[in-house]
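One structure is given here, and the rest of the page talks about it.
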Amino acid sequence: MMIDRNIPVVEIEKWLREEDETKLEELWKTADGIRKQEVGDEVHLRGLLEISNNCIRSCEYCGLRKENQNLARYRMTEQEIYACAQEITRLGYGTVVMQAGEDYGIDALWLSGIVRRIKQETPLAVTLSLGERSIEELGLWKQAGADRYLLRFETSDPLLYQKIHPALPGQHIDRLSILKALRELGYEVGSGIMIGIPGQTYSSVAGDIGIFRQLELDMIGVGPFIPNPTTPLGLPVSLQQSCKNDQVPSTDLMTYKVLALARIVCPQANIPATTALGTLDPAMGRRLALSRGANVLMPNVTPQRYREQYLVYPGKPGEHETSMVDISGFLYSIGRRPGKGPGGRLRN
Ligand code: 5AD
């Protein structure tokens, strides 16, 4: 069977259900071939900076949800953020990714100043991942020089989405419309999903991948759902609410399938081997991801004392990330090399 970027959603679903290893080899080879041809052997490095773990939302899977009391909340200072941006530059990475919970203590003008300063004083591309902020705020940050924005839509199943993302009183923002607005503002746009949310079906994940294609995403981040016992979706009763034989498993194998299919439908996208995958399979997770479609790594550069409090899900790597030297050695050992420059989205 031909696998190309126009693969119908029903065929995508068949691949998600495929168990035959020989068949799956074909999927991995196709994704890896497209990756090599379209974005080459460079692996772009993004320094991930978790600037605040405050959050006003109550997402049922996430450890940063506001109900969670057993978490020491922090917000990095401008000086701390700037020092980390310098460190990222020194490490030779091309991008700083500033991520946080939905924290309105991150004042729009305050962050604009930081973005402007990083853009003036370093060669870094700036990616923001700060949740559902207003179009005005997103516009302000773009004007200050931000290059990219990440906002996963998590699932395209509207009922499942509503169930696990309680809306703020009086607000019904949908993430797809924010993604569209980001595009219009001139951002490179990233999105993605969790894989294996209780209640998530094969056909809905196939639909999600179809949406990656429709949105022509510049960046796609996918990872397995990891039950967090400090959240409602981490309780045994929730885990039993899965949709019988149509439930997508939250396995590494399923994540590789989604990653490979994402590469196939968005050939030039930047696709990271994500942390959640590294958590499920520390030894091989990221290596396999890089050989099945991924072309980006996001080493965590958050200061250790804060990193320990950014507990989105349990088991998230807390240890110091390997240095650039180690990462290059690892990349060369698998026939790849560290990317040079900001590593933005190619378009041709
Ligand atoms: N398991 C896996 N991924 C999670 N995220 C949040 N909570 C979990 C969890 N329990 C992911 C979401 C979010 C990203 C920052 O982390 O997809 O967009």
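Ligands are counted one by one from 1 in listed order, and the atoms in each one are counted from 1 as well.
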So does Ser134 get a backbone contact from the side chain of Glu137, meaning a donor-acceptor N/O pair under 3.5 Å? yes
Would a distance-only check, ignoring hydrogens and angles, find a side-chain to backbone donor-acceptor pair under 3.5 Å from Asn300 to Gly47? no
The single option from His44, Arg263, Arg35 that satisfies side chain to side chain donor-acceptor pair (under 3.5 Å) with Asn295 is Arg263
Classify the angle between the aromatic ring planes of Tyr149 and Tyr187 as parallel (below 30°), tilted (30 to 60°) or perpendicular (above 60°). perpendicular
Who passes salt bridge (charged side-chain N to carboxylate O under 4.0 Å, His left out) against Asp157, sequence neighbours left out? none
If you look at each N/O of ligand 1, which protein N/O atoms lie under 3.5 Å away, and at what distance?
from	atom 1	to	atom 2	distance (Å)
ligand 1	1 (N)	Ile226	N	2.9
ligand 1	1 (N)	Ile226	O	3.4
ligand 1	10 (N)	Tyr61	O	3.0
ligand 1	10 (N)	Ile226	O	2.8
ligand 1	17 (O)	Arg152	NH1	2.8
ligand 1	17 (O)	Glu154	OE1	2.6
ligand 1	17 (O)	Glu154	OE2	3.2
ligand 1	18 (O)	Glu154	OE2	2.5

Look at Arg336 together with Glu42 and state whether they make a salt bridge at an N to O cut-off of under 4.0 Å. no
